[in-house]
Each structure stands twice: as structure tokens, then as C-alpha cells.
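Below is one structure, written out as C-alpha cells; comments come after it.
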2 protein chains.
Amino acid sequence: MLVGAMNTTRSGRPALTRPDGTALRVLVVDDDLDLAEVLTGALRYEGWEVRAAGDGASAVAAAHELLPDAVVLDVMLPDTDGFAVLRRLHEVKPDVCVLFLTARDAVEDRIAGITAGGDDYVTKPFSLEEVVARLRGLLRRAGMARQLEEGPRLTVGDLVMDEEAREVTRAGELIELSPTEFELLRFLMRNPRRVLSKAQILDRVWSYDFGGRAHVVELYISYLRKKMDAGREPMIHTVRGSGYVLKPVSR
Amino acid sequence: MLVGAMNTTRSGRPALTRPDGTALRVLVVDDDLDLAEVLTGALRYEGWEVRAAGDGASAVAAAHELLPDAVVLDVMLPDTDGFAVLRRLHEVKPDVCVLFLTARDAVEDRIAGITAGGDDYVTKPFSLEEVVARLRGLLRRAGMARQLEEGPRLTVGDLVMDEEAREVTRAGELIELSPTEFELLRFLMRNPRRVLSKAQILDRVWSYDFGGRAHVVELYISYLRKKMDAGREPMIHTVRGSGYVLKPVSR
DNA sequence: CGAAGTTCTCAGGGACCTCTGAGCGAGCCT
DNA sequence: AGGCTCGCTCAGAGGTCCCTGAGAACTTCG
């Protein structure tokens with residue numbers, strides 16, 4: 001397979017790109033360097049151009065250089081608060097999308113209003129899948145992202161996921177999923193025909209501070225199978241010793 | 001699907017545009033920078049071109065550059081009062097629409113006199129849904145807005161809302177709603193088939209200074225259900241862990 | 001000034017979700 | 001085949017999320 005001519009993610013999936021076909025630019029702002037590192041890696045994996053900053057001042061400086069399409073912004077920063085940074089960022093680039101990171105307890109507090117513009121937020125601890133999904137949603141709605149293949153729906157064989165309505169159907173039949181089941185399936189559907197290890201799944205779908213064991217993944221795969229593969233040709237396959245694959249039914 | 005060619009809101013809804021198809025231009029004038037930021041974000045989210053100014057002098061200057069179709073104008077400004085600014089604005093652009101922001105106990109007489117010309121006002125603290133709705137109404141009545149799709153009524157399945165008459169019917173049957181219930185339903189109807197989190201709903205429907213808990217949203221959803229879903233196929237669905245969706249009944 | 005309506009707080013209870021533990025079966029190796 | 005590892009599933013504890021009734025504070029209106 002030839003890549004290089006086309007904008008692709010490191011995972012081989014087609015990337016969301018800017019209208020001119022270049023990579024989307026994202027700025028990550030968090031004073032927790034480990035977390036910033038993880039986020040940066042995950043977003044690069046999506047095929048985006050990423051820069052990181054550790055405080056409000058360097059965030060504004062970086063924004064001047066990068067002119068990012070989106071910013072992932074920790075509300076609690078050492079030097080300034082989210083509102084101030086947001087204002088400065090909007091001065092630099094008025095149409096930038098913002099995804100806020102916030103502690104769970106702070107939600108009721110000050111976030112109300114910040115996100116009112118159509119921006120979004122996730123509460124710590126979050127899963128990488130969630131951050132990526134929210135960011136994709138923001139960029140898509142902002143019209144900054146040009147779709148190469150996928151629409152707001154994810155499709156694998158007769159399995160269809162509407163991320164906005166949080167609805168999943170198989171062969172037209174509605175499948176009800178719990179939040180964790182939904183995120184697990186989303187991760188699988190975004191990586192069809194690819195074996196995903198239990199460790200990979202844990203890293204992506206579960207919160208970064210989850211200490212649990214791989215057994216949970218087996219359990220949730222089991223739940224998913226019961227709900228979507230029951231009485232049908234199975235789409236989720238076990239690769240013993242390696243992990244799981246989601247495949248459209250072969251014919 | 002290609003976006004960008006067409007004028008759409010960041011929410012994906014079709015936008016109100018100027019007769020020539022370009023984005024409507026709005027000027028926000030308020031010395032509370034946080035509030036101005038929130039308003040700016042919310043109006044951009046509607047697909048409009050927005051600029052902000054913090055005092056009367058810079059408002060007039062910005063108006064010269066932007067030539068706005070509408071102005072959101074705080075009556076209390078640090079340098080001059082709103083009425084003086086209004087006169088200057090009318091010199092710059094005689095047909096501009098004005099939405100006043102005013103404290104609840106402000107002298108309603110003078111406001112009434114000014115708004116008699118067709119302009120409108122909202123009292124602080126307000127909800128973003130209300131500001132957006134008033135502004136849409138103003139622009140529509142002034143003939144500045146070209147309708148792309150929606151008229152003054154919103155329709156989801158057999159549920160119909162006439163925004164101007166403040167009337168809601170389901171299957172032709174009139175449903176009486178309190179002001180808050182009405183705004184909540186309006187927000188839901190403007191985002192059908194889309195899961196809205198309680199935080200999002202709070203941000204849009206409740207006043208920006210409302211410190212209450214997400215619990216209120218549950219309560220009002222409960223009220224709405226009692227009034228519009230009672231004895232019928234339900235249209236409001238709970239998505240546990242995520243929020244609520246409004247969906248037309250069949251499929 | 002009383003009555004009706006509206007908004008919000010509080011608390012109980014129920015439904016659902018997540019994860020643990022254990023038993024069992026299936027595959028793999030020698 | 002036997003023994004081992006790996007994966008599947010059941011059952012259930014504990015926790016979280018959500019719904020709803022009751023009522024207090026406030027506003028509006030007659």
C-alpha cells in the first residue's frame with residue numbers, strides 16, 4: 001500500500017485534514033507534563049500536527065506560531081485561568097476550537113459558560129478515546145475538518161454507529177449499549193480488521209488512572225458479543241495470545 | 001460530505017445569512033470581558049461573524065470597520081451610556097438592529113421608548129438561548145436574514161413549536177409550558193437526534209450566573225415528559241451517563 | 001393582600017453500571 | 001493424552017446515576 005501522497009494517520013486510517021489538505025494543527029496546554037506527553041502522542045497518532053505548552057503564556061506564544069485549529073486546554077494552569085487564556089487565544093485565532101480539561105468537581109463551578117460557545121470539555125480522569133472523539137466532533141462541526149472517508153457515522157459491515165446520537169445499529173436493528181460498551185465498540189470500529197491487544201484497549205478506552213486488570217476487557221468484549229453478535233454471524237473475533245479484531249462478515 | 005462551501009453553523013444547522021449569502025455580522029458591546037467572551041462564542045456558534053468591544057468609543061470604531069447587521073449592547077458602559085452609543089451607531093449604519101442588555105431593575109421606561117423602534121432587550125442575567133433567539137427574531141423581522149431552511153417554527157416529528165407565538169403543539173394538541181420549560185424544549189428541538197449533556201443544557205438554557213446543580217435539568221426534563229410524552233410514544237430519551245436526546249418517534 | 005404559578009432544594013428509592021471472583025471450557029505444548 | 005495457560009461467562013456486591021414527590025422561597029397577577 002502506498003502512503004505519503006495521501007494524508008494518513010500513523011495507524012493507516014485516513015485522517016481528518018484541513019480544507020487545503022494539510023494536517024490539522026492542535027495545541028495541547030497542560031502543566032502535567034506526563035499527561036501532555038500522552039495526549040500529544042495520541043493526537044499525533046491521529047495524523048495531526050501537535051505542539052504542547054505547559055502554561056498560559058507559552059500557550060499564547062505557541063498559538064502565534066502554530067495558528068492551531070484546535071486547543072486542548074487544562075482549565076487549571078499555573079499562571080492564568082482558562083477564561084484569560086481563551087480570550088488571548090481568540091485574539092490570535094478567532095475561530096479556534098477549544099476542548100477543556102477539568103477536574104470532576106470543578107465542572108459545576110466555572111466551566112458553565114466557558115463551553116457555551118460550542119466548545120466542549122472532558123473531566124479528568126478521561127480516556128484517550130473520549131478526548132479524540134470530542135476533538136473530532138468539534139473540528140467537524142467547526143467545518144475545519146474535511147472528511148476524507150468517514151462522516152459523522154462510523155460503519156463496519158452492517159454495523160453502524162452514530163456518534164452524536166450515541167446510537168448503534170446492526171442490520172438496522174437498534175443495539176443498546178452502556179457508556180463503556182459504547183466506547184469500547186467505538187475504538188474497535190475505528191480500527192477494523194486490526195488486532196488490538198488488551199493492553200492497547202485498556203490504554204485507550206479506560207481512564208489513564210485505571211489500575212484494573214485486562215480481565216475487564218474480556219468481560220466487556222463478552223457483553224458486546226452478547227448484544228451485537230448474538231444469533232448473527234460474529235464480527236468480534238478472538239486472536240488467542242494477541243487480542244481482538246472487529247471484521248465485517250466475510251462473504 | 002464536504003462542508004465549508006456552504007454557510008453552516010458550527011452546530012451543523014443551516015445558518016441565517018445576509019441576503020447576499022455571507023455571514024451576518026454582529027457586534028457585542030459589554031465591559032464585562034468574560035461575558036463578552038461567552039456571548040461572542042455563542043454567536044459564532046450560530047455561524048455569524050462576531051466582534052467584541054469593551055466600551056462605547058471602541059464600539060463605534062469597530063462598527064465603522066464591521067458595519068454590523070446587529071449590535072448586542074450593554075446599557076451600562078464605562079465611558080458613555082448605551083443611548084449615546086446607539087445614536088452614534090445609527091449614524092454609522094442607520095438600519096442596524098439593537099439588542100439591549102440591561103439590569104433587571106433598570107428604568108424600563110427609557111428602554112421601552114428605545115425598543116419601540118423595533119429593537120429588543122433582555123435583562124441580566126439571561127440565558128444564551130434567549131439572546132440568540134431574540135437576535136434571530138430581530139434580524140428576521142428586519143429582513144436582514146435570509147432563511148435557508150427554518151421558518152419561525154421548529155418541527156420535530158409531530159412536535160411543533162412556534163417561537164414567536166410561544167406555542168407548542170404535539171399531534172395538534174396544545175401543550176402549555178412555563179418559560180423555563182419552553183426554553184429547554186427549544187434547545188432540544190434545535191438539536192434533535194443529538195445527545196446533549198446536562199452541562200451543555202445548563203450552559204445554554206439557564207442564566208450564565210446560575211450556580212445550581214445539574215439536578216435541575218433532570219427535574220425540568222421530568223416536567224417536560226409529563227406534559228408532552230404522557231400517554232404517547234416518548235420523544236425524550238435518557239442516555240445514561242451522557243445526557244438526553246430528542247427524537248421523532250418512528251425510527 | 002391572597003391565590004396561583006414558577007423555580008429550585010432535598011431526600012428516598014430504584015434502575016442500571018462497573019468491576020471482582022470463581023468455575024469451566026477451549027486451545028496449545030510436550 | 002495430560003497438564004497448562006488463556007479466555008469466556010455467571011453471579012453478585014457496591015456504587016453511581018436518574019427519577020420523582022413534597023415542599024419552601026419567590027414572583028406575578030388579580
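The sequence lines fix the lettering, A, B, ..., with proteins before strands; numbering per chain opens at 1. Atom set for the values below is all heavy atoms of this structure, side chains included, hydrogens, waters and symmetry mates excluded.
- To the nearest angstrom, P of D:dC19 lies 10 Å from CD1 of B:I236.
- With sequence neighbours left out, the side-chain contact (heavy atoms from CB on, under 4.5 Å) criterion links A:S222 to no other residue.
- Every residue meeting the side-chain hydrogen bond (donor to acceptor under 3.5 Å, both in side chains) condition with A:R225, not counting sequence neighbours, appears here in chain and number order: A:T238.
- Every ring pair (Phe, Tyr, Trp, His ring centres under 6.0 Å) that B:Y220 has, sequence neighbours left out, goes to B:W206, B:Y223.
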Check the interface with nucleotides 8-10 of chain D: list each N/O to N/O pair with the protein under 3.5 Å, or write none.
unit_1: D:dC8; atom_1: OP1; unit_2: A:R225; atom_2: NH2; d: 2.4
unit_1: D:dC8; atom_1: OP1; unit_2: A:T238; atom_2: OG1; d: 2.5
unit_1: D:dC8; atom_1: OP2; unit_2: A:Y244; atom_2: OH; d: 2.5
unit_1: D:dT9; atom_1: OP2; unit_2: A:S222; atom_2: OG; d: 3.3
unit_1: D:dT9; atom_1: O4; unit_2: A:H215; atom_2: NE2; d: 3.2
unit_1: D:dC10; atom_1: OP2; unit_2: A:K226; atom_2: NZ; d: 3.1

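- Rounded to a whole Å, the NZ atom of A:K227 is 12 Å from the C1' atom of C:dT18.
- Among residues two or more places apart in sequence or in another chain, the side-chain contact (heavy atoms from CB on, under 4.5 Å) test is passed with A:D34 by A:D32.
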Table of protein N/O atoms under 3.5 Å from nucleotides 1-5 of chain D N/O atoms:
unit_1: D:dT5; atom_1: O2; unit_2: A:R240; atom_2: NH2; d: 3.2

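- Atom CG in B:D209 sits roughly 11 Å away from atom P in C:dC8 (whole-Å rounding).
- Using a 4.0 Å cut-off between a side-chain N of Lys or Arg and a carboxylate O of Asp or Glu, B:R193 and A:E164 do not qualify as a salt bridge.
- Residues A:I201 and A:F187 are in side-chain contact: their nearest non-hydrogen atoms beyond the backbone lie under 4.5 Å apart.
- Every residue was checked against the side-chain contact (heavy atoms from CB on, under 4.5 Å) condition with A:R240, not counting sequence neighbours, and none meets it.
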Practice problem: Start with the C-alpha distance between B:L138 and B:R134, add both sets of side-chain angles, then the distance that settles side chain to side chain contact (heavy atoms under 4.5 Å, CB included), and finish with yes or no. | Solution: CA-CA 6 Å; B:L138 271 183; B:R134 298 282 182 110; 5.7 Å; no

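- One atom, CZ of A:R213, and another, P of D:dG7, lie 13 Å apart when rounded to the nearest Å.
- For B:E37 and A:R87, the salt-bridge test fails: no basic side-chain N is under 4.0 Å from an acidic carboxylate O.
- Computed from coordinates, the B:L224 CG to D:dC19 P distance equals 12 Å when rounded to whole Å.
- Looking at A:K124 and A:E130, no side-chain N of the basic residue comes within less than 4.0 Å of a carboxylate O on the acidic one, giving no salt bridge.
- Computed from coordinates, the A:H237 NE2 to C:dG27 P distance equals 15 Å when rounded to whole Å.
- Between A:Y220 and B:Y220, the residue whose closest nucleotide on DNA chain C is further toward the 5' end is B:Y220.
- For A:R166 (side chain) and B:S242 (main-chain N/O), no donor-acceptor pair under 3.5 Å exists by modelled atom type.
- If you take CG of A:L202 and P of D:dG7, they are 13 Å apart, rounded to a whole angstrom.
- With sequence neighbours left out, the side-chain contact (heavy atoms from CB on, under 4.5 Å) criterion links B:Q200 to B:L196, B:S197.
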Donor-acceptor contacts, no H, no angles, side chain residues 167-186 of chain B, under 3.5 Å, sequence neighbours left out:
unit_1: B:R170; atom_1: NE; unit_2: B:D158; atom_2: OD1; d: 3.1
unit_1: B:R170; atom_1: NH1; unit_2: B:M228; atom_2: O; d: 3.0
unit_1: B:R170; atom_1: NH1; unit_2: B:D229; atom_2: OD1; d: 3.0
unit_1: B:R170; atom_1: NH1; unit_2: B:E233; atom_2: O; d: 3.3
unit_1: B:R170; atom_1: NH2; unit_2: B:E233; atom_2: O; d: 2.8
unit_1: B:E173; atom_1: OE1; unit_2: B:R232; atom_2: NH2; d: 3.1
unit_1: B:S178; atom_1: OG; unit_2: B:E181; atom_2: N; d: 3.4
unit_1: B:E181; atom_1: OE1; unit_2: B:S178; atom_2: N; d: 2.8
unit_1: B:E181; atom_1: OE1; unit_2: B:K227; atom_2: NZ; d: 2.8
unit_1: B:E183; atom_1: OE1; unit_2: B:S127; atom_2: OG; d: 2.8
unit_1: B:R186; atom_1: NH1; unit_2: B:E163; atom_2: OE1; d: 3.3

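- For DNA chain C, the neighbouring residues in residues 177-186 of chain A, judged by any heavy atom under 4.0 Å, are A:S178, A:P179, A:T180.
- For the helix from C:dC1-D:dG30 to C:dT30-D:dA1, the axis fitted to the five pairs at one end and the axis fitted to the five pairs at the other end meet at an angle of 30° (nearest 10 degrees).
- One finds no side-chain N or O of B:W206 lying less than 4.0 angstrom from the OP1 or OP2 phosphate oxygen of C:dT7.
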